[in-house]
Protein chains: 2
Amino acid sequence: MSRKSKCPPPFLSKTYDLLEEEREGEASVGKKIVSWNMEGNGFVVWCPAEFSELMLPKYFKHNNFSSFIRQLNTYGFKKTASKRWEFQHEKFRRGCRHLLAEMRRKKCQPSVFPSYLRPNSAHHHPPNTHQDNKSIAAAASSEVLLMELKEENKKLRRERVDLELQIAHFKTMQIKLLECLSHHTPTPTLHCLPLISINNLT
Amino acid sequence: MSRKSKCPPPFLSKTYDLLEEEREGEASVGKKIVSWNMEGNGFVVWCPAEFSELMLPKYFKHNNFSSFIRQLNTYGFKKTASKRWEFQHEKFRRGCRHLLAEMRRKKCQPSVFPSYLRPNSAHHHPPNTHQDNKSIAAAASSEVLLMELKEENKKLRRERVDLELQIAHFKTMQIKLLECLSHHTPTPTLHCLPLISINNLT
DNA sequence: GGTTCTAGAACC
DNA sequence: GGTTCTAGAACC
């Protein structure tokens, strides 16, 4: 037996537990908060509010419905109804706890770009410590202004380096693409590249 | 007067309305569901459950808290507290309905690349350079230095625009190249594109 | 432009 | 591995 059968991810065990516990206590309460769906191949959160406030904290370290959803997506669950919070996963079925151990987090593909070229890198702005500062009013002196300008210039220089690096990568990538194209096109295929001058790529 | 002052995005008007309405009715109910924060430069959803069930449908076409959050992010709001659903935006302030018209959706580029192939698009927040020029006159000593810094600053900005333009061109070219490749390659040709997962390009 | 579903990424 | 905040993208 493979190690897969060892131990299911805690998130899945807990979610499964939660559904089983609700099933047992079902008779006692009039209102169903969460349950297996009819076919037993998925589950429905009938009352997100109660679910978040009452059940999530019992099993997880939060009461945040979005966080629960995020985890479901991480493990590959799909929302399968448009007007209900119903989720399904091939291996998440009533009565099949053993299948949980076969479920895995989706791994996020490592990016081909270095981190500073990735979409989010532009969001890492140095904190604006000088904006709300009382010292602005107090010392509208040129000293502060000088500092700010210097800071901004430094930032602009950094940005320029980043942009130039991006361009370098684009050039590399395009060379590769052109090489690839040349291997696969028997004849010149200028028709599909109306805007590209090969000479400009080096 | 520019067209900016015409008409704020409906989402923002409605959210502002919602807060004003709650403010008026505040005395009648014991429980605050949503309100401006103390400083009036943001707001807090105190009870997400009630907010979603009772208020969202009154103003929007859904009762989905996540959808509301998604809209806030689209318009550039930031969540500003870790244990509260508090959101702020520079231009979303109590008593300043006129500022709403200056707010805009963040635009997102349409999609040809998987996100990891898309270098960071222009998300730059150019810092405020508009200091009152009087302070410059006051500091006669560093006037020259200031001028030089400002000049350099201006130059760096111009360069940035150019570089970003170049990148835009590269993006366009790469899209064309990839389209072209997809027309001419019957089978995946991984050998010539070590950095690119072909499957994601079609 | 709004709503929904899912994912990226940082942080814990 | 879990939790949080935000964004991409499809669909309406």
Distance, rounded to the nearest Å, where B:Q71 contributes CD and D:dA9 contributes P: 17 Å

Side-chain ion pair, B:R94 and B:E39, N-O less than 4.0 Å: no

Whole angstrom value for the distance that separates P of C:dT3 from CG of B:N63: 11 Å

All salt bridge (charged side-chain N to carboxylate O under 4.0 Å, His left out) counterparts of A:K14, not counting sequence neighbours: none

Residue-phosphate contact under 4.0 Å: B:K61 side-chain N/O, C:dG2 OP1/OP2: no

Sugar-phosphate, base or nothing in reach of A:S66, heavy atoms under 4.0 Å: nothing

Close aromatic pair by centroid cut-off 6.0 Å: A:F87 and A:Y75: no

Short side-chain N/O contact from A:Y75 to OP1 or OP2 of D:dG2, under 4.0 Å: yes

Protein-nucleotide distance (B:Q88, atom CD; D:dC5, atom C1'), rounded to Å: 15 Å

Touch class at under 4.0 angstrom, heavy-atom based, for A:P9 against every strand present: nothing

Phosphate contact (D:dC5 OP1 or OP2) by B:R70 side-chain N/O below 4.0 Å: no

Nucleotide nearest A:I69 (side chain, heavy atoms from C-beta), chosen from C:dG2, D:dT4, C:dT6: C:dT6

Salt bridge (charged side-chain N to carboxylate O under 4.0 Å, His left out) partners of A:K91, counting only residues at least two apart: A:E102

Touch class at under 4.0 angstrom, heavy-atom based, for A:S82 against every strand present: sugar-phosphate

Side chain of A:H62 - closest among C:dT6, C:dG1, D:dT3: D:dT3

Length of the CG-P vector between A:N73 and D:dG8, whole Å: 17 Å

Of B:F51, B:W85, B:F92, B:Y16, the residue whose pairing with B:F43 passes ring pair (Phe, Tyr, Trp, His ring centres under 6.0 Å): B:F92

Minimum-distance nucleotide to B:K79 side chain [options: D:dG2, D:dT6, C:dG2]: D:dT6

Donor-acceptor pair present, A:R104 side chain and D:dG1 base, under 3.5 Å: no

Separation of atom CG in A:L100 from atom P in D:dG1, rounded to whole Å: 15 Å

A:R105 CZ to D:dT3 C1', straight-line distance once rounded to whole Å: 10 Å

Separation of C:dC5 C1' from A:K78 NZ (nearest whole Å): 9 Å

OP1 or OP2 of C:dT4 under 4.0 Å from side-chain N/O of B:N64: yes

Under-4.0 Å side-chain N/O to phosphate OP1/OP2 contact, A:K106 with C:dA7: yes

